[in-house]
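As a basis for the values below, the full set of heavy atoms in this structure was taken, side chains included, without hydrogen atoms, waters or symmetry mates. Throughout, numbering of the chain's residues begins at 1 and tracks the sequence. Nothing here was measured: the structure is a model prediction, and the numbers come from that model.
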Amino acid sequence: METMNLEITRNDFEEAIPVATTKNNDVFEMIEPYIKTATYEVAENVLGEAGVNAFNDGQNVMLVRFVKQLVCYNAFLPHFRSLDLVLTATGFGVVSTQDLTPASKARVDALKSQLDIERKRAECRVIQQLFSVNGWAAQRQRKQCVPTLFYHFDYLSEYAGVEAPTINDWRRVQPLIIEADGFLRSKIGNEQMDSLLTKVASGNFTAEDMTACTMILNIIGLHISGNPRAKKVYYTSLMNHIEAHLDVFSAYRDSEAYQTNHFKGYENTKESGMFIFQG
């Protein structure tokens, strides 16, 4: 993989994490040694070769900006508790006198929780920019970052009705997301679900695809919120939509799931030598 041509300045760092803004370079200088590792992690786990090439090309200004933000969060968050910092009214500062007292653990934890959310959102913004990068959807990073259509943190509030979701909420619902995705795969086939994921992740989709994806997001969201009746309504609408556009959803049409959904039992006719009674 090509090396990322990434340079993080103090301005980049403080733009990404405003609470780390200080009158001098102290906070940035403490974090600077961790930037190289954070850069490698983002390249390896999110960008992949296609993403790194797009970043180095520099044509996608938003991709460059969001990658820098994500690197800053990845460098700062794992280490800020261990640094010689004090939480002031406006953010972090460096402890330079004995008159400063550490902030309460509750206050630090609250800020850490908010920064965790912003880091996750930064990652989601990077991923959305990567959807327009040729070749990214075929990489393992796509499967790692977008294992299901319900990949974005903000979907928790948009589709699952979770008010002011936290990172712990996001972690808590992962088994439910996988469970709902598995149910849908059993009904429309792995091939069709993977096809939708690839189309979304490559920015190559039709209006019919997006209608199906929106229904799927609603189904997963309702599974998370525990609303089986509404989930069933969306599921019925999804299957009707797919069945009405088999030319678009050909992966489903050619799947075992389609055969299962359209299975017909033995039909008795006048010419039959015997009658089979089905329960």
Side-chain angles (χ1 to χ4, degrees), residues 1-18 20 28 30-80 112 114-156 158 167 170-171 174 177-178 181 193-205 209-210 213 217:
M1 184 188 302
E2 186 178 343
T3 302
M4 281 182 67
N5 300 325
L6 174 66
E7 179 184 357
I8 299 292
T9 65
R10 176 187 169 189
N11 286 338
D12 293 327
F13 177 68
E14 293 182 350
E15 179 184 303
I17 309 175
F28 177 66
M30 287 181 175
I31 295 300
E32 203 167 12
Y34 305 114
I35 289 177
K36 185 176 181 179
T37 299
T39 300
Y40 172 81
E41 291 172 349
V42 170
E44 184 69 20
N45 299 326
V46 182
L47 299 179
E49 184 174 359
V52 168
N53 291 339
F55 177 88
N56 289 342
D57 180 70
Q59 295 298 309
N60 187 332
V61 177
M62 299 307 291
L63 175 64
V64 172
R65 179 185 176 187
F66 295 150
V67 166
K68 285 186 174 182
Q69 290 178 354
L70 181 57
V71 168
C72 288
Y73 277 110
N74 282 8
F76 182 65
L77 282 174
H79 306 288
F80 88 93
K112 172 65 163 54
Q114 184 58 42
L115 290 174
D116 282 336
I117 293 172
E118 294 308 317
R119 193 215 70 83
K120 185 62 180 176
R121 285 180 171 144
E123 181 181 86
C124 292
R125 288 192 291 267
V126 170
I127 290 169
Q128 289 180 320
Q129 292 299 314
L130 289 170
F131 288 171
S132 63
V133 172
N134 185 38
W136 186 79
Q139 296 182 153
R140 67 168 177 82
Q141 284 82 7
R142 193 283 295 168
K143 295 181 179 180
Q144 186 171 316
C145 297
V146 190
T148 74
L149 291 172
F150 206 97
Y151 71 91
H152 201 295
F153 176 81
D154 288 338
Y155 289 167
L156 273 181
E158 186 174 352
I167 284 298
W170 177 252
R171 293 166 181 160
Q174 292 310 302
I177 293 172
I178 298 301
D181 179 74
M193 186 64 82
D194 288 340
S195 174
L196 286 172
L197 282 166
T198 299
K199 287 182 176 182
V200 169
S202 60
N204 182 25
F205 47 81
D209 290 324
M210 288 313 299
C213 288
L217 289 173

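Among Leu149, Thr148, Leu156, the one residue that satisfies the side-chain contact (heavy atoms from CB on, under 4.5 Å) test with Ile177 is Thr148.
Residues passing the side chain to side chain contact (heavy atoms under 4.5 Å, CB included) test with Ala54, sequence neighbours excluded: Leu63, Val133. In this structure Thr3 satisfies the side-chain hydrogen bond (donor to acceptor under 3.5 Å, both in side chains) test with no other residue, sequence neighbours excluded. Applying the side chain to side chain contact (heavy atoms under 4.5 Å, CB included) criterion to Asp116, with sequence neighbours excluded, gives Leu77, Lys112, Ile167. With sequence neighbours excluded, the residues that form a side-chain hydrogen bond (donor to acceptor under 3.5 Å, both in side chains) with Tyr151 are Gln128. Taking Asp194 as the reference, Arg185 meet the salt bridge (Lys or Arg N to Asp or Glu O under 4.0 Å) condition, with sequence neighbours excluded. Residues passing the side chain to side chain contact (heavy atoms under 4.5 Å, CB included) test with Arg65, sequence neighbours excluded: Glu15, Met62, Gln69. For the side-chain hydrogen bond (donor to acceptor under 3.5 Å, both in side chains) test, residues two or more places apart in sequence or in another chain that qualify with Arg121 are Glu118, Asp154. Listed by chain and number, the residues in a side-chain hydrogen bond (donor to acceptor under 3.5 Å, both in side chains) with Glu2 are Asn56 (sequence neighbours excluded). Phe150 meets the ring pair (Phe, Tyr, Trp, His ring centres under 6.0 Å) test with Tyr155; sequence neighbours excluded.
Residue pairs meeting the salt bridge (charged side-chain N to carboxylate O under 4.0 Å, His left out) criterion with at least one partner in residues 66-75, sequence neighbours excluded, are Asp12-Lys68. Residues in residues 30-49 take part in these salt bridge (charged side-chain N to carboxylate O under 4.0 Å, His left out) pairs, two or more places apart or across chains: Glu44-Arg140.
The shortest distance between side-chain heavy atoms of Thr39 and Val67 does not fall below 4.5 Å. Within the 4.5 Å cutoff, side-chain heavy atoms of Glu123 are placed close to those of Val46.
Remark: Ile17 CD1 to Phe13 CZ distance equals 4.5 Å, nearest 0.5 Å.
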